Amino acid sequence: MAENRKQIAVSGIQASGNLHIGNYIGAIKQFVELQDKYNMFVFVADLHAITVPQDPKKLGAQTLDAVYTYLACGLDPKKTTIFIQSHVPQHTELGWILNTITPLGELERMTQFKDKTKDQTSILAGLLNYPTLMAADILLYNPIAVPVGEDQVQHLELTRTLARKFNSRFGETFKEPKALIQKDGARIMALDDPIKKMSKSGNANNFIGLLDSEAEIRRKIKIAVTDSGKEIKYDPATKPAISNLLIIYSQMAGLDIKEIEKKYVGKSYSEFKADLAEVVLRALKPIQEKYNKFAKDKKSVLQILRDGAAEARKVAETTMEGVRAKVGFLEALQ
Ligand code: TRP
């Protein structure tokens with residue numbers, strides 16, 4: 001089948017709810033574009049989600065919510081294998097094995113680990129081992145490419161290191177995958193502080209949720225911080241706030257930043273913001289409609305996930321059979 005000749009790409013996204021336009025522009029939109037080019041595996045990383053405490057009563061619903069959102073954004077189960085990380089136990093199994101060849105120092109120097117633990121007195125091991133599980137997520141599928149945000153590049157570098165270490169210790173097994181980083185819009189900044197990344201854990205006015213109401217979207221854009229001066233110009237060094245809004249405009253409208261700048265010569269920040277709100281609303285409306293449609297059809301979505309996990313397990317198990325043999329485990333007894 002032609003499908004099988006396509007090269008593989010793998011990516012995961014956190015299970016936490018409330019995905020926002022930063023996630024959409026920086027990641028989901030890219031997956032949707034890549035699914036024609038690659039044989040994609042995309043999963044909701046619920047095992048990673050629990051490296052920070054989650055409410056057991058909400059985790060499952062949040063996981064499903066992320067799936068509805070992916071589907072609503074255009075991820076297509078006919079082209080992409082969509083599944084939940086914890087439904088494919090090989091992720092945990094390979095993660096463990098990789099831990100045994102990972103130097104502690106490598107994990108301790110990861111920027112994300114340092115950021116997440118800087119105010120904590122009692123640090124949990126799961127947070128430290130987060131990157132080895134991520135390496136397992138990737139290497140199980142032997143992908144050529146991993147579409148990720150800029151903040152994940154270091155984890156990908158570690159993944160390549162672990163692939164090399166495993167290969168040199170146990171024999172050629174894994175390919176070293178490349179990060180596919182979206183240049184434009186990879187980092188959408190907070191609306192209330194353009195120096196910080198847009199984040200669902202920050203103040204609610206800092207992000208536009210993909211499911212925010214029309215009134216909320218207009219309000220958040222209206223109160224978004226701007227820079228001094230009044231020109232609508234892309235210049236991240238001196239105009240970080242307007243530059244961020246221009247990126248959002250450009251990504252949501254599918255226009256070049258240059259064209260947008262031209263359109264707003266001599267216009268005010270408030271005119272620009274009013275139009276930006278329309279652009280965002282127009283882009284999010286079909287996503288919200290599809291979200292509602294999928295959320296009402298939970299049964300079909302669960303079937304997509306069942307099929308996705310079955311397909312992922314097949315590929316992952318083939319990899320693990322090789323890995324177990326190379327590590328030297330006694331063959332499983334039937
Ligand atoms: N750590 C990634 C993030 O925070 C999510 C993730 C988990 C991932 N496993 C992955 C991304 C494997 C790419 C490949 O965005």
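What you see is a predicted model; the values in this text were computed from it and never measured. As the structure lists them, so they are numbered: ligands from 1, and atoms in each ligand from 1.
Atom CZ of Arg169 sits in a sparse spot, with 12 or fewer heavy atoms from other residues, nucleotides or ligands closer than 6.0 Å. No more than 12 heavy atoms of other residues, nucleotides or ligands lie within 6.0 Å of CD in Glu331, so this atom counts as exposed by the packing criterion.
By the criterion of a heavy-atom distance under 4.0 Å, the side chain of Val146, and not its backbone, is placed next to ligand 1. Contact annotation for His155 and ligand 1: no heavy atom of the residue comes within less than 4.0 Å of the ligand. Looking at Phe43 against ligand 1, only its side chain comes within 4.0 Å, counting heavy atoms. Contacts of Asp151 with ligand 1, taken as heavy-atom pairs under 4.0 Å, are absent altogether.
Atom numbering of ligand 1 starts at 1 in the shown order; those under 4.0 Å from a heavy atom of Gln14 are 4 (O). Within ligand 1, counting atoms from 1 as listed, the ones closer than 4.0 Å to a heavy atom of Val148 are 11 (C), 13 (C). Proximity to Ser11 (heavy-atom distance under 4.0 Å) selects the following atoms of ligand 1: 11 (C), 13 (C), 14 (C). The atoms of ligand 1 that sit less than 4.0 Å from any heavy atom of Ile138 are 12 (C), 14 (C).
Ion pairing between a basic and an acidic side chain is recognised when a charged N comes within 4.0 Å of a carboxylate O; Glu150 and Lys197 show no such pairing. Between Glu106 and Lys165 no salt bridge is recorded (no basic side-chain N to carboxylate O distance below 4.0 Å). Look at Glu261 and Lys258 and you find a salt bridge, because one of the NZ, NE, NH1 or NH2 atoms lies within 4.0 Å of a carboxylate O, short of that distance. A salt bridge links Lys314 with Glu311: the distance from a Lys NZ or Arg NE/NH1/NH2 to an Asp or Glu carboxylate oxygen falls below 4.0 Å. The existence of a salt bridge linking Lys263 and Glu259 is excluded, since no basic side-chain nitrogen approaches an acidic carboxylate oxygen closer than 4.0 Å.
The cationic atom of Lys239 (NZ for Lys, CZ for Arg) does not lie both less than 6.0 Å from the six-membered ring centre of Tyr234 and within 45° of the ring axis.
For atom 7 (C) of ligand 1, the nearest non-hydrogen atom of the protein is His48 ND1, 3.4 Å. Closest to atom 1 (N) of ligand 1 among all protein heavy atoms lies Tyr130 OH, 2.7 Å.
Annotation: Gln152 places an N or O atom under 3.5 Å from an N or O atom of ligand 1; distance criterion only. In terms of polar-atom proximity, Asp137 is counted as a contact of ligand 1, with an N or O under 3.5 Å from an N or O of the ligand.
Summarising the contacts of atom 13 (C) of ligand 1 with Gly12, Ala9, Pro177, the nearest heavy atom is found in Gly12.
Between Arg282 and Met252 there is no side-chain heavy-atom pair separated by less than 4.5 Å.
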